[in-house]
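Numbered from 1 within each chain, the chains take letters A, B, ... in sequence-line order. Predicted model, so just to flag it, every value in this text is computed and none were measured.
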Amino acid sequence: MPREIARSYSHQEVESKWYARWAEAAHFTPSSPGAPSFSMVIPPPNVTGSLHMGHALNNTLQDVLCRFRRMDGHNVLWVPGTDHAGIATQNVVERQLAAEGLDRTDLGRRAFIEKVWSWREETGHTILRQLRALGVSCDWSRERFTMDEGLSRAVREAFVRLWEEGLLYRAERLINWCPRCKTALADIEVMHEEVDGHLWQVRYPLVGDGDLVVATTRPETMLGDTGVAVHPEDERHADSIGRHARLPIVGREIPVVADTFVDPEFGTGAVKITPGHDFNDFEIGLRNGLEVINILDDDAAVRSEAFVGEDGRAPAWVERYGGQDRFAARERIVGELKEQGLLAEVRPYRHAVGKCYRCQTVIEPYLTPQWFVKIKPLADPAMEAVRRGRTRIVPETWKSSYFAWMENIKDWCVSRQIWWGHQIPAWYCTGCNESLDTDGNRIASGCVPVVGRAAPDRCDTCGGIRFVQDPDVLDTWFSSALWPFSTLGWPDKTADLQAFYPTAALVTGFDILFFWVARMMMMGLKFMDQVPFRDVYVHALVRDQEGQKMSKSKGNVIDPLIMVNRYGADPFRFTLVAMTAMGRDVKLAEDRVAGYQHFVNKLWNATRFVLMNLDDEVLQERRRPAEEPAEQDLDLADRWILSRLKATIERAREAITAYRFNDFAHHLYQFTWHEFCDWYIETSKLRLNRGAGSLAAQRTLHTVLQNILLLLHPLMPFVTEELWEAVTAREGTASPRRDHIMVQRYPAAGDLPADRDAEDKVEFLSGIIRAVRNLRTEMNVPPSRKVRVMLFDTEERLSLVRAHESMVCTLAWAEPPEYLSRGVRPKKVATAIVDTTEVYVPLDGAVDLEEESSRLHRALGKIEAEMERVRKKLDNENFTAKARTEVVEREREKAQEMEEKIEALNRSLGRIRELQAQ
RNA sequence: GGUCGCAUAGCUCAGUUGGUUAGAGCGCUUGCCUCACAUGCAAGAGGUCGCAGGUUCGAGUCCUGCUGCGACCACCA
């Protein structure tokens with residue numbers, strides 16, 4: 001019989017013990033036929049990741065939802081897994097290679113990919129292991145990886161279907177190129193950042209005479225200039241239109257064109273046009289028939305006739321500038337322009353540059369063949385679904401962001417020039433495509449792909465049998481976009497899809513709303529003809545206590561595992577949930593966690609108290625927990641706490657189903673601590689000690705405590721499970737695992753009575769008690785003495801106090817009150833009013849004046865002695881000058897405090913003398 | 001440049017649809033080792049709810065403007 005539990009809770013052993021037991025009992029995915037399902041997919045963390053605060057918050061919230069729904073009778077499925085994180089993972093492994101002095105080309109594609117796989121075997125499960133420490137209850141038997149066999153099949157299938165429906169195309173477009181990752185990026189993967197740069201004004205001589213001064217932030221791109229543009233109505237430059245300028249350094253003649261894009265107000269009103277390296281210029285070039293020159297491309301000579309010198313080689317300047325780092329080239333170009341006197345002006349200029357979201361390298365617009373998803377036909381239904389409420393975004397403020405992004409969406413560049421990822425299922429016949437580079441490094445834009453679920457056997461056109469697969473891989477987010485259904489077995493029609501799609505909710509941070517959520521919406525509707533989730537709960541970012549984003553470089557990172565280790569998973573989870581209010585960032589400070597650790601301790605000790613006071617029979621009674629105690633001699637206090645419990649259950653359920661996590665936590669906290677512990681347990685003590693009413697009190701304590709544990713379980717799974725075992729005294733039952741709190745019914749308010757009458761009465765009585773306590777303190781009644789009280793009100797009100805006199809007196813530590821009818825108000829009293837009842841504490845009756853007076857004198861004596869010691873210390877000892885100052889400072893503060901205290905004591909003594917005199 | 005959000009006690013934040021003396025945790029003050037818990041108990045101090053107007057019988061809560069932060073989006077050289 002676990003009648004005694006330890007004096008305090010130690011989380012370490014308890015947490016690992018219970019996690020193992022839950023897993024063993026297969027509680028994570030219950031299956032009761034006919035029950036409603038509740039499914040979620042985890043936002044798959046990168047395999048490269050280790051657990052940070054964002055994951056901790058995200059997964060705690062999901063776990064709270066899952067545990068609640070599971071207890072509430074749903075068939076819960078929570079699918080865990082990881083994302084292969086193309087560029088991020090490739091970067092990690094490449095860094096390892098670099099440490100050995102190698103790069104990926106030394107290994108070759110096949111060997112490199114093998115290396116990534118073995119890296120993943122070794123370390124790719126770290127983060128999922130770490131999640132277990134939080135107590136998350138995903139179904140580990142269903143762990144998926146975006147590169148595993150099933151999901152890869154889903155990716156190929158999706159790609160092929162998009163192709164077949166004409167929603168996928170390959171084209172040469174200007175894309176965002178990361179020169180470090182050496183791959184294309186989607187628009188959304190480019191982060192814009194303000195930087196301090198310069199605006200250079202460069203003189204372009206016109207052929208014949210005169211010149212045009214153009215302004216640019218990137219002078220090095222002039223190597224690829226193929227025109228200069230001015231506004232058609234700009235009179236200053238009207239003469240230049242149609243003439244040619246001679247490109248400095250290069251010497252090429254380029255046309256001056258008119259385009260309304262040019263803002264005559266900005267700079268000089270003349271813009272150099274570099275169609276190969278700027279999105280605007282590309283458009284202008286198209287409109288005006290300008291050439292495109294690619295200065296970063298080693299193959300530039302091949303790709304553009306303009307670059308071919310007499311000897312068939314690129315002109316020297318391409319080698320001088322194009323091959324090297326852009327910023328070094330910029331300096332040399334600027335230097336050379338200056339030498340030639342062509343630099344008209346330089347001024348500091350702050351402007352935005354695009355950077356790679358993976359490595360922060362400045363993006364270079366670059367003309368290459370890539371694969372694109374035609375996005376409009378996918379985005380429209382995805383917007384419609386949210387508009388019609390088929391998917392609800394919570395909180396709603398994110399809806400407008402969602403629409404804004406979707407409305408302006410452009411075709412999605414899904415190809416990446418890296419090796420780690422889903423290789424694009426497109427093949428090129430070597431017979432048909434002469435320009436095919438059979439090393440597979442780059443497929444020219446004119447080549448015709450054959451897209452299919454597997455490599456083709458024979459070319460339909462030429463009958464050839466040799467094919468080269470497209471070397472590009474898909475954007476990582478392409479596979480994540482399929483996650484809600486690919487993890488359930490799609491493209492097969494599986495029972496899982498039938499049962500669990502659409503998923504009930506998706507819990508995610510706003511940072512991946514567009515990367516991931518929007519794309520899941522599009523793909524889910526496309527391939528499943530149904531939204532991927534009913535609700536999207538968008539939570540905020542976890543910041544440090546100053547509101548700064550946590551980052552390694554700032555050194556302000558709080559490690560969730562350290563929190564779990566130090567305080568326990570339960571307090572940590574509780575903190576995260578309690579801080580999660582809608583639409584606001586979570587600022588996390590460690591002392592919050594410490595604060596909620598105290599709450600765990602409180603719960604622990606409340607349980608200890610209950611266990612110490614229950615008779616064996618009561619402990620072993622097996623009522624359904626949310627059910628009022630059977631015996632009907634319930635006291636007012638019992639009725640009150642049960643009614644409060646009912647209200648708490650209602651509020652808690654309301655909060656959690658509306659994703660108001662902080663409300664959920666706070667209602668339960670408030671009830672447990674300030675209603676159950678502070679009031680109910682305190683009142684129960686009297687009845688437990690006497691015979692009368694003891695049984696009802698015991699049963700009520702038992703019932704309410706069990707309900708508290710059940711209610712708190714989604715938030716604090718470990719400690720509640722541990723305590724549940726103790727309060728349900730379950731040894732000897734046939735199937736202990738069925739008794740785990742994790743699989744009990746969640747309390748329902750309907751099982752309990754509301755009792756307005758009891759609530760009103762207790763509120764009144766506790767008001768009286770508070771008033772008396774307050775007066776006690778005001779009157780300086782020593783704790784050893786009971787206070788004398790008089791109450792003045794109608795007989796009816798007073799009779800209520802009379803009926804609960806012992807409770808009131810015990811909690812207020814008062815003598816039995818004098819009940820006064822109207823008319824005889826006492827004098828010389830301290831008063832308070834509760835409702836209509838006036839509460840009096842007679843001054844002279846409150847304090848034993850003799851005793852109090854001598855107590856104060858003793859205290860005064862002590863302090864004066866201390867003062868004397870301080871004075872001596874200051875006088876006698878030999879200090880160095882500095883030490884002396886410090887000591888004096890410190891002691892002076894002490895002395896000040898003591899003097900204040902002496903003053904206060906003297907005041908009290910004075911009051912007592914006054915009273916004695918009367 | 002566009003959009004959205006936030007400004008409430010010393011600190012970190014609650015405050016659903018406008019309704020009587022604005023709440024919590026931490027911190028602070030005072031008194032208590034009262035036999036579940038000092039990771040505690042009791043009592044308390046502390047707020048012109050960013051500023052200025054407006055709507056209303058009534059506004060922290062709605063509207064307008066301003067100030068200060070923050071985020072997201074964005075191809076102006």
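Using a 4.0 Å heavy-atom cutoff across all strands shown, His667(A) reaches no nucleic acid atom at all. Residue contacts for Phe676(A): at a heavy-atom cut-off of 4.0 Å it reaches no nucleic acid atom on any strand shown. Residue Val214(A) is out of contact with every strand shown, counting any heavy-atom pair closer than 4.0 Å. Note on Ser401(A): nothing from the nucleic acid sits closer than 4.0 angstrom, heavy atoms only.
Minimum atom distance to the side chain of His351(A) is reached by rA77(B), of the listed rG5(B), rA77(B), rA71(B).
The same atom, P, is picked in rA52(B) and in rU61(B); the two are 13 Å apart, to the nearest Å. Rounded to whole Å, the C1' atom of rG58(B) lies 44 Å from the corresponding atom of rA74(B). Comparing the P positions of rC63(B) and rG27(B) gives an interatomic distance of 38 Å, to the nearest angstrom. Atom name C1', nucleotides rG53(B) and rU17(B): the rounded distance is 25 Å, in whole Å. Going from the P atom of rA24(B) to that of rA45(B) covers 12 Å, rounded to whole Å. Comparing the P positions of rC11(B) and rC57(B) gives a spacing of 38 Å, expressed to the nearest Å. Here the separation of rU21(B) from rU12(B), taken at their P atoms, is 29 Å to the nearest Å. Taking atom C1' on both rC4(B) and rG19(B), the two are 30 Å apart, rounded to the nearest angstrom.
Atom-to-atom, NE2 of His198(A) to C1' of rA77(B) comes out at 16 Å; the value is rounded to the nearest Å. Atom-to-atom, CG of Leu811(A) to P of rU34(B) comes out at 17 Å; the value is rounded to the nearest Å. Going from atom CG of Asp234(A) over to atom P of rA77(B) covers 18 Å, rounded to whole Å. For the pair Ile409(A) CD1 and rC73(B) C1', the interatomic distance rounds to 13 Å; values are reported in whole Å. Whole-Å rounding puts the Phe664(A) CZ to rA14(B) P distance at 19 Å. In this structure, Ile273(A) places its CD1 atom 8 Å from C1' of rA77(B), rounding to the nearest Å. For Phe261(A) and rA74(B), the CZ to P distance is 16 Å, given to the nearest whole Å. Between Glu193(A) atom CD and rA74(B) atom C1' the separation is 15 Å, expressed in whole Å.
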Report, one line per pair, each donor and acceptor closer than 3.5 Å where one atom sits in a side chain of residues 262-274 of chain A; sequence neighbours left out.
unit_1    : atom_1 : unit_2    : atom_2 : d
Asp263(A) : OD1    : Glu265(A) : N      : 2.9
Thr268(A) : OG1    : Val213(A) : O      : 2.4
Thr268(A) : OG1    : Ala270(A) : N      : 3.3
Lys272(A) : NZ     : Thr221(A) : OG1    : 2.6
Lys272(A) : NZ     : Asp225(A) : OD1    : 3.0
Lys272(A) : NZ     : Thr274(A) : OG1    : 3.0
Thr274(A) : OG1    : Asp225(A) : OD1    : 2.6

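When both pairing distances are held under 3.5 Å, rU17(B) makes no Watson-Crick or G-U pair with any nucleotide shown. The pairing partner recorded for rA45(B) is none, the criterion being a Watson-Crick or G-U wobble arrangement whose two distances lie under 3.5 angstrom. Remark: rG50(B) base-pairs with rC66(B); criterion is Watson-Crick or G-U wobble with both hydrogen-bond distances under 3.5 Å. Summarising the base pairing, rA38(B) is matched to no nucleotide, lacking a Watson-Crick or G-U wobble pair whose two defining distances lie under 3.5 Å. Nucleotide rG1(B): paired with rC73(B) (Watson-Crick or G-U wobble, both distances less than 3.5 Å). Across all strands shown, rA9(B) remains unpaired; no Watson-Crick or G-U wobble contact has both distances below 3.5 Å.
Look at Arg651(A) and Glu654(A) and you find no salt bridge, because none of the NZ, NE, NH1 or NH2 atoms lies under 4.0 Å from a carboxylate O. Salt bridge absent: Glu189(A) and Lys355(A) never bring a charged side-chain N and a carboxylate O closer than 4.0 Å. Salt-bridge annotation for Glu650(A) and Arg653(A): absent, with no side-chain N of the basic residue lying under 4.0 Å from a carboxylate O of the acidic one.
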Going 5' to 3' along nucleotides 35-47 of chain B, which nucleotides have protein heavy atoms under 4.0 Å from the base (write B), which only from the sugar-phosphate (write S), and which from neither (write -)? -BBSBSSSSS---

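Looking at Tyr349(A) and Asp196(A), their side chains never bring a donor and an acceptor atom within 3.5 Å of each other.
Residue Trp673(A) places its CH2 atom among more than 12 non-hydrogen atoms of other residues, nucleotides or ligands, all under 6.0 Å distant.
Between Tyr596(A) and rC26(B) there is no side-chain polar atom (N or O) within less than 4.0 angstrom of OP1 or OP2.
Phe671(A) has its side chain within reach of Val704(A): a pair of non-hydrogen atoms, C-beta onward, lies under 4.5 Å apart. Counting heavy atoms from C-beta outward, Leu337(A) and Met222(A) have side chains that approach closer than 4.5 Å.
Relative to the ring axis of Trp813(A), Arg770(A) does not place its NZ or CZ within 45° and under 6.0 Å from the centre.
Along RNA chain B, the nucleotide nearest to Phe510(A) and the one nearest to Phe279(A) differ in position, and the one closer to the 5' end is contacted by Phe510(A).
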